[in-house]
Amino acid sequence: MIEAHTVAEVRAAEAPLLAALPPGALMQRAVSGLVTHAVGRLGRVYGARVVVLAGGGDNGGDALWAGARLAARGATVHALAPGRTHPAATAALLAAGGRLHRTGPGPAPDQRIDPVVGTAQGTGGDAAADLLDSADLVLDGLLGIGGRGPLREPHALLARLAPPARTVAVDVPSGVDADTGAVADGAVRASSTVTFGTYKRGLLVGPGSTRTGRVELVDIGLALPTADLRALGSEDVARLLPVPSAADSKYSRGVLGLVGGSDRYPGAGVLAVGGALRGGAGYLRVVAEEQAAAHIRRAHPETVVTVIAPGDADAALAAGRVQAWAIGPGLPPDEATGRLVAALLDQAGTGLLADAGALQPLAELIAARPRLLHDRAGPGSASEVVLTPHEGEFARLVATALGWDAADLPARLATDRLGTVRQAAAGLGATILLKGNRTIVAGSGGAAFVNLTGTPWLGTAGTGDVLTGLVGSLLAAGLPPALAAAAGAFLHGSAAERGPRPLAAGDLPALLPEVIADLLASVRG
């Protein structure tokens with residue numbers, strides 16, 4: 001399992017090591033990992049052209065020390081510095097034959113720094129651009145995990161000039177907030193990031209996750225607390241998957257009730273059933289309007305279908321006992337759907353997932369009774385309601401239920417996506433799965449997951465319906481709400497990664513068995 005920590009947690013973990021180790025020893029651990037990554041990227045170090053973007057902090061020191069080691073192995077290394085630089089790392093670079101340039105006005109733009117006097121001549125923007133254009137590898141050490149807010153010149157100039165395909169970010173890409181993933185204008189876009197000690201939250205969530213490229217973690221010996229933001233890996237999901245024993249039956253494996261599909265949108269019900277049949281529950285009871293029911297029966301004859309008139313809650317509940325309900329795909333967000341949602345909320349002891357057309361009626365119920373979901377189940381309860389909105393649905397949900405300004409939501413999500421979802425989950429008393437490039441799952445108690453699987457090809461109609469059925473099935477099979485949501489997102493994204501290009505939502509259910517079989521095989525050896 002991947003854990004992501006805050007800057008404050010990292011600083012606290014570094015403090016005892018800095019006190020106990022010889023000066024610079026902790027930095028050299030980070031530098032060793034950075035150099036190993038750089039060598040892997042370059043392939044051949046001797047004769048390679050490397051440019052270091054060197055800020056004034058320890059992050060710049062890491063990059064300069066790495067440049068010094070590469071220069072000692074025969075690379076041509078130029079460092080571009082917007083201002084002061086780490087003294088020991090600078091001296092090491094120069095001693096190894098590297099050159100340091102200041103990115104500001106001044107004569108002799110290619111003048112090597114004098115390590116004794118400690119001053120440098122300037123390198124103008126054109127010269128900096130030439131160096132970066134010709135570089136085989138660029139190490140971005142402008143700003144570290146303490147960087148906040150917009151990049152100022154001349155840092156901004158260097159960030160704009162750094163070639164994304166050949167740039168390695170040191171700990172975090174400059175301009176990315178390490179805690180929130182907020183991205184400053186002109187932030188560095190890297191093809192890989194080498195981060196030290198632990199994953200930083202901003203590398204995994206928000207816009208920052210699109211600036212990192214592949215992230216590689218270097219262990220530097222930090223003793224960190226258990227993180228409250230995690231990402232499931234293959235082994236984690238494999239161990240969570242409900243695998244039947246010889247004594248199990250279709251009932252003991254869990255029964256899911258799925259309310260979805262309408263005469264207007266019958267396909268949504270078909271897609272949701274396809275996901276539900278692959279999630280591990282042993283029995284699926286489907287409740288749908290007449291035309292949707294006919295489509296579902298033809299596509300999935302193994303389901304037990306109950307036909308209802310729109311909003312007929314009594315008929316829906318008469319479908320039979322279930323361990324969890326999922327409602328919403330293909331339903332209109334109207335009064336009839338609201339009656340169904342209210343009836344399912346009253347089913348004590350059962351899990352409940354609300355998606356799509358069920359979200360707005362649920363929000364209106366919460367607006368009338370703000371403690372509705374809190375009173376149904378406490379934080380972490382197996383009965384905590386799971387909500388699975390995309391961003392537009394999320395904005396309408398919190399505007400109606402919590403009174404938030406929907407117009408502010410895009411900016412709030414860009415500034416602190418994780419914090420915004422956590423606040424909403426706590427306010428609603430629910431687990432929220434917010435779909436997106438990096439899907440976030442947040443429980444009402446504060447624990448959260450970020451999903452690292454998937455592909456932009458998932459951004460197509462109907463994929464969310466498949467996810468609803470899949471997560472609902474995992475709920476019915478006994479997984480706790482947050483873990484069912486996180487595992488479902490992982491499986492959904494993994495299936496998409498194996499799918500055709502372009503991907504259609506209908507491709508996903510058939511891909512899930514292969515994904516699950518491979519996961520189970522990985523833990524069985």
Side-chain angles (χ1 to χ4, degrees), residues 235-261 269-288 292-293 296-308 314-327 329 343-344 346-353 377 381-386 465-488 490-492 495 508-525:
E235 290 188 2
D236 305 309
V237 176
R239 291 188 171 91
L240 287 170
L241 286 172
V243 178
S245 69
D248 273 318
S249 70
K250 61 186 178 184
Y251 295 108
S252 64
R253 292 179 59 193
V255 181
L256 173 65
L258 176 61
V259 186
V270 173
L271 292 168
V273 169
L277 291 171
R278 306 304 189 200
Y283 197 123
L284 179 58
R285 303 185 191 275
V286 178
V287 176
I296 291 166
R297 285 193 179 109
R298 283 195 296 270
H300 301 291
E302 58 270 76
T303 59
V304 177
V305 181
T306 298
V307 177
I308 65 167
D314 290 339
L317 295 177
R321 181 169 176 77
V322 303
Q323 276 67 59
W325 288 97
I327 180 171
L344 298 187
D346 285 340
Q347 302 305 296
T350 61
L352 175 61
L353 183 155
S381 164
S383 298
E384 183 166 281
V385 175
V386 178
D465 301 324
V466 178
L467 179 63
T468 293
L470 177 59
V471 175
S473 188
L474 291 167
L475 279 172
L479 268 67
L483 286 174
F490 182 99
L491 294 171
H492 188 252
L508 291 171
L511 293 164
L512 285 167
E514 180 184 341
V515 169
I516 292 170
D518 286 350
L519 289 174
L520 294 175
S522 71
V523 295
R524 290 172 180 165

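Note that these values count all heavy atoms, side chains included, but never hydrogens, waters or copies made by symmetry.
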Query raised in the report: Heavy-atom distance under 4.5 Å between the side chains of Leu256 and Gln323, does that happen here?
Result: no
Query - salt bridge (Lys or Arg N to Asp or Glu O under 4.0 Å) against Asp346, all qualifying residues, sequence neighbours excluded - result: none
Query raised in the report: CG of Leu271 to CG of Leu470: how many Å apart, nearest 0.5 Å?
Result: 13.0 Å
Query raised in the report: Is the closest side-chain heavy-atom distance between Ser473 and Arg278 below 4.5 Å?
Result: no
**Report entry** Which residues share a side-chain contact (heavy atoms from CB on, under 4.5 Å) with Val322, sequence neighbours left out
**Finding:** Val255, Arg285, Trp325
Query raised in the report: Quick one: side-chain hydrogen bond (donor to acceptor under 3.5 Å, both in side chains) partners of Asp248, sequence neighbours excluded?
Result: Ser245, Ser252
Query raised in the report: Are any of the side-chain heavy atoms of Leu479 and Leu241 separated by less than 4.5 Å?
Result: no
Query raised in the report: side-chain contact (heavy atoms from CB on, under 4.5 Å) with Leu353: which residues, sequence neighbours excluded?
Result: Ala326, Asp355, Val386, Thr388, Thr468, Val471, Leu475
Query raised in the report: Which value, rounded to the nearest 0.5 Å, describes the distance between Leu258 atom CG and Ile327 atom CD1?
Result: 9.0 Å
Report summary line: Those residues at least two apart in sequence (or on a different chain) that pass salt bridge (Lys or Arg N to Asp or Glu O under 4.0 Å) with Arg239 are Glu235
Query raised in the report: In Å and rounded to the nearest 0.5 Å, what is the CG to CG distance from Leu483 to Leu474?
Result: 10.0 Å
Report summary line: Those residues at least two apart in sequence (or on a different chain) that pass side-chain contact (heavy atoms from CB on, under 4.5 Å) with Ala477 are Pro242
Requested in this report: Could you list the residues that satisfy side-chain contact (heavy atoms from CB on, under 4.5 Å) with Thr303, not counting sequence neighbours?
Outcome: Val273, Leu277, Leu284, Val286, Ile296, His300, Val305
Query raised in the report: Which side chain to side chain donor-acceptor pair (under 3.5 Å) pairs, counting each pair once, include a residue from residues 508-519, with sequence neighbours left out?
Result: Arg498-Glu514, Arg498-Asp518
Query raised in the report: Under 4.5 Å between any side-chain heavy atoms of Phe490 and Val515, yes or no?
Result: no
